[in-house]
Amino acid sequence: VLGVFGGCVLAVVQNEIKCKILNTSINNIEAVFVHLQMDDTIFIIGCVYIPPCSPLIAYENVFSALNDLYLAYPSAKFTILGDFNSSSIH
């Protein structure tokens, strides 16, 4: 996107893997969550970018969306990747 500075997120999946993008209610955060199915196993892969100096509500929104996904897919295996820019992590 022109004129926008910061991170972006991307999830790339091989054509042979059954997948779909999941809708979440995260506002003002760049994130994508993908539902993958391999044999009888469901995976939820999340890619998240939280800009530096984001307010606490940004992190709360991400964790709320993760909780909603867990409730929708309790047997799935979750992997969350991202740049969280937390100033409290050294």
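These numbers come from a predicted model, not from an experiment.
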_Rounded to the nearest 0.5 Å, what separates atom CD1 in Ile42 from atom SG in Cys19?_
13.0 Å
_Quick one, Leu66 with Ile80, criterion side chain to side chain contact (heavy atoms under 4.5 Å, CB included). Give me CA distance, side-chain angles, the key distance, then yes/no._
CA-CA 9 Å; Leu66 287 171; Ile80 309 303; 3.4 Å; yes
_All side chain to side chain donor-acceptor pair (under 3.5 Å) counterparts of Asp83, not counting sequence neighbours_ = Asn85
_Atom CZ of Phe78: over 12 foreign heavy atoms under 6.0 Å_ = yes
_Within 6.0 angstrom of Ile21 CD1, more than 12 heavy atoms from elsewhere_ = no
*Heavy atoms only: give me the nearest Met38-Ile17 pair and the separation to one decimal.*
CG-CG2, 4.1 Å
*Carefully, step by step, assess Asp68 and Thr24 under the rule side chain to side chain contact (heavy atoms under 4.5 Å, CB included).*
CA-CA 8 Å; Asp68 291 345; Thr24 61; over 6 Å; no
*Check the hydrophobic clustering (I, L, V, M, F, W, Y; side-chain heavy atoms under 4.5 Å; chains of links allowed) and say if Ile57 and Phe84 are grouped together.*
no
*ILVMFWY cluster, Val34 and Leu81 together (side-chain gap under 4.5 Å)*: no
*Applying the 4.5 Å side-chain criterion to the ILVMFWY set and letting contacts propagate, would Phe63 and Ile29 be lumped into a single cluster?*
yes
_Applying ring-ring contact (aromatic ring centres under 6.0 Å, His included) as the test, list every pair that has at least one member in residues 15-38; sequence neighbours left out._
His35-Tyr73
*Out of Ile45, Thr79, Ile44, which one pairs with Leu36 under the side-chain contact (heavy atoms from CB on, under 4.5 Å) rule?*
Ile45
*Is atom CD of Gln14 surrounded by more than 12 heavy atoms (other residues, nucleotides or ligands) closer than 6.0 Å?*
no
